[in-house]
Enquirer: 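Okay, handing you the structure first.
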Amino acid sequence: MTADQGRKTFVLKGIGVSPGIVIGKAYRFDPLDAQISFYKLNNDDLIPHEVERFKKALKESTRQLLEIQENLKKTKVTEPLYILDVHILLLSDKKFINRTIKYIRRLSVNAEWALRMTLDHYKQIFEGLEDVYISGRISDVQYVVQRILRNLSGEKHEIVWEVGHEGVVIVSHDLSPADTAQMKLDKIVGFATDSGGRTSHTAIVARSMELPAVVGLDNVTRFVRTGDEIILDGTSGLVVVNPYPDMLQRYEEKKRHYDDAKDEYLKYAKLPAVTLDHYHVQIGSNIEFIEEIPSAIVHGAEYIGLYRTEFLYIYRDDLPTEEDHFNNYRQVVTEKNLLWATIRTFDLGGDKFPSYQKQAKELNPQMGLRAIRFCLKELEIFKAQLRAIWRVSALGKVKILFPMISCIEEIREAKRLLEETRQELLAQGVPIADRMEIGAMIEVPAAAVIADQLAQEVDYFSIGTNDLIQYSLAIDRSNERVTYLYEPLHPAVLRLIKGIVDEAHAAKIRVAMCGEMAGDPLFCLILLGMQLDELSMNHLAIPRIKRIIQQSTLSESHELLKQAMSYNNAVDVRAYVQDYMSDHFPDEFQKKET
Ligand code: PEP
Ligand code: MG
């Protein structure tokens, strides 16, 4: 059946990773589709000219990126500037340039072809590592190559972040965090991709930019052409291509509701999350960049519950120094509107790795030398960070959090190194706080099982559901082929979380949650029923979560949890929770969304 002008109507379901409803025109972005010309330089005299043409394209590409960077600085989205730095650095990378020039000279080929050979060379290296997570890096190289190619062609193409018209929904097979970060928010209103998952870094960047997005659609690029009308619902994960007029009308109505509700929700943001029967949950924000702090405060964050410091490492070629760490952390701990800042020591490896470092070949990086394991091997890198965290502890309230603890020895070793750095700083007369709260992330099932023992070692727990679910249900969190199995309401996940909370409370320590589950309104009463002390989330989710808590009671959530945990399968749990929530919060949850 067809809708507008003979164009087909499709409704596709993916994963809504950044909330909001947008209606716009589709723009197909296929960064890898460029045709690359090939010709031989028949005359050696042409070689210097070809090298010069390549150098000019490099220069122009750098100029363009600097300009985009400058423009980005003027917007409120300044977080992902670092990504552009990587691209600019690549454009002046000696090895990259020399290799391309070498191909031009030795093989007498045009600059485009030489560039393609350089790209192939890099691809081979990355593929040779057999590390699927490396794709994030190769896409940076590809992006840069695309830009140089465009400049070599002399054409002024429209590209994803320079589309000329407004109300554009980007449709692509995949978008790197870099692609996403560079979108012009006055033109682009959302994006839809075939691949990706809820916790991928592209999704995280989209949320921090407040850009509605649906990922993991599998084959959206097969169904959509540039110019198609498109509705994208970043909350439910629905994408409607060429909607019927009545559908469009319904969504326009929904969008109005959503936009009104957004302002309405902000009213709840300033008030604490206290239930009608006086149970108080503290609500914090997760951040990747310090630039997110003002928006986190506006949305009602009382503290920073998770600062993912690895982003300091990811978008640069060299190692951050102790001073770099210090100057960065200082800005978060001295923010007067925040009660405290939880600085998580870097979680490198997995789907995050630094650009300076040659990654060892790991078939299973999510289970490899990641997070605390990596830190306990790279002591110099780790101690520079620990020293900086101690130093900022003299300036404001800071809590330290160690990621991916899987056994007691790891937490003890991390604490030993923390104490060692404390002694070193004291001996040097550097001012530091008398005490700093130490937390362990509980995100490996083994840690959940020994929560009673780990609770003796730390001041608080923070439950990382992104990884806890990944490891307990054996689902690679960045593999879209298994995202359908990602189920926070799986009875095993609920039991694990409940066990962690109960053991923490038995040991009289506080327990927080900082995984994405904490910010999903559907799970809010389940988590309240478990009596988590703190929930830390993407800041856009805060007003909604506060509103639900403010309108609920602890006793009803105990009942809800009890009933939910009585089922032996996730389908029943989900049906029950969804019904309960849509009955009690009809504005927030609609029954069986179409
Ligand atoms: C988690 O695993 O839930 C978490 C918060 O950490 P990250 O997403 O950075 O792995
Ligand atoms: Mg984690």
Side-chain angles (χ1 to χ4, degrees), residues 15 17-18 79 133 136 177 196-208 215 283-289 292 296 301 303-314 341-354 364-375 399-406 410-411 414 439-448 460-479 483 486-488 490 493 496-497 500-501 511-520 523 527 532 534-539 541:
I15 309 160
V17 292
S18 183
E79 305 91 320
Y133 303 96
R198 161 152 276 281
T199 52
S200 69
H201 285 98
T202 300
I204 290 170
V205 170
R207 284 193 287 278
S208 85
V215 304
I283 306 288
S285 172
N286 298 347
I287 59 167
E288 279 82 51
F289 307 102
E292 290 173 273
Y303 61 94
I304 299 300
L306 174 67
Y307 180 13
R308 290 183 163 101
T309 58
E310 57 276 8
F311 279 76
L312 257 181
Y313 292 81
I314 291 174
T342 310
I343 301 184
R344 179 176 75 179
T345 59
F346 53 84
D347 182 358
L348 297 173
D351 62 346
K352 303 169 246 182
F353 48 87
N364 241 327
Q366 296 278 14
M367 296 198 216
L369 194 68
R370 199 199 131 178
I372 197 70
R373 304 167 179 185
F374 177 88
C375 290
K399 299 186 184 188
I400 193 166
L401 181 60
F402 294 115
M404 229 195 143
I405 297 294
S406 64
E410 281 169 346
I411 191 72
M441 279 200 74
I442 306 296
E443 50 184 348
V444 176
Y460 70 100
F461 284 158
S462 189
I463 305 175
T465 48
N466 306 341
D467 279 317
L468 187 64
I469 295 171
Q470 154 167 270
Y471 296 126
S472 57
L473 300 185
I475 305 158
D476 179 346
R477 63 192 264 192
S478 39
N479 180 346
T483 42
Y486 183 92
E487 178 51 278
H490 189 300
V493 175
L496 278 176
I497 299 174
I500 300 164
V501 177
V511 55
M513 178 178 284
C514 62
E516 295 294 310
M517 188 178 179
D520 189 327
F523 310 133
L527 301 180
L532 275 130
E534 297 160 21
L535 296 174
S536 184
M537 61 200 73
N538 138 42
H539 61 261

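One-based numbering, in listed order, for ligands and for the atoms of each. The first residue in the sequence is number 1, and the count goes up from there.
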Enquirer: One pair to check against side-chain contact (heavy atoms from CB on, under 4.5 Å): Ile400 and Ile343. What are the steps and the verdict?
Expert: CA-CA 5 Å; Ile400 193 166; Ile343 301 184; 5.6 Å; no
Enquirer: Quick one: look at Asp347 and ligand 1, take heavy-atom pairs under 4.0 Å, and tell me if it's side chain, backbone, both or neither.
Expert: side chain
Enquirer: Determine whether any heavy atom of Met513 lies closer than 4.0 Å to an atom of ligand 1.
Expert: no
Enquirer: Nearest 0.5 Å, please: how far is SG in Cys375 from CD in Glu310?
Expert: 9.5 Å
Enquirer: Rounded to the nearest 0.5 Å, what separates atom CZ in Phe346 from atom OH in Tyr307?
Expert: 13.0 Å
Enquirer: Is Ile463 touching ligand 1 with its side chain, its backbone, both, or neither, if touching means heavy atoms under 4.0 Å apart?
Expert: neither
Enquirer: For the Mg ion (ligand 2), give me the closest N/O/S atom belonging to Asp467, just the atom name.
Expert: OD2
Enquirer: Classify the contact between Gln470 and ligand 1 as side chain, backbone, both or neither, using a heavy-atom distance cut-off of under 4.0 Å.
Expert: neither
Enquirer: Under a 4.5 Å cut-off applied to non-hydrogen side-chain atoms, are Met441 and Asp467 in contact?
Expert: no
Enquirer: Once you restrict to heavy atoms under 4.0 Å, what part of Met441 touches ligand 1? Side chain, backbone, both or neither.
Expert: side chain
Enquirer: So is there a nitrogen or oxygen of Asn466 less than 3.5 Å from a nitrogen or oxygen in ligand 1?
Expert: yes
Enquirer: With a 4.5 Å cut-off on side-chain heavy atoms, are Phe374 and Met404 touching?
Expert: no
Enquirer: For ligand 1, which atoms, with element, lie under 4.0 Å from some heavy atom of Cys514?
Expert: 5 (C)
Enquirer: Find out whether Tyr460 and Thr342 are in side-chain contact, i.e. whether some heavy atom of one side chain is under 4.5 Å from a heavy atom of the other.
Expert: yes
Enquirer: Is there an N/O/S atom in Glu443 that lies less than 2.8 Å from the Mg ion (ligand 2)?
Expert: yes
Enquirer: Would you check whether Arg344 reaches within less than 4.0 Å of ligand 1, judged by its heavy atoms?
Expert: yes
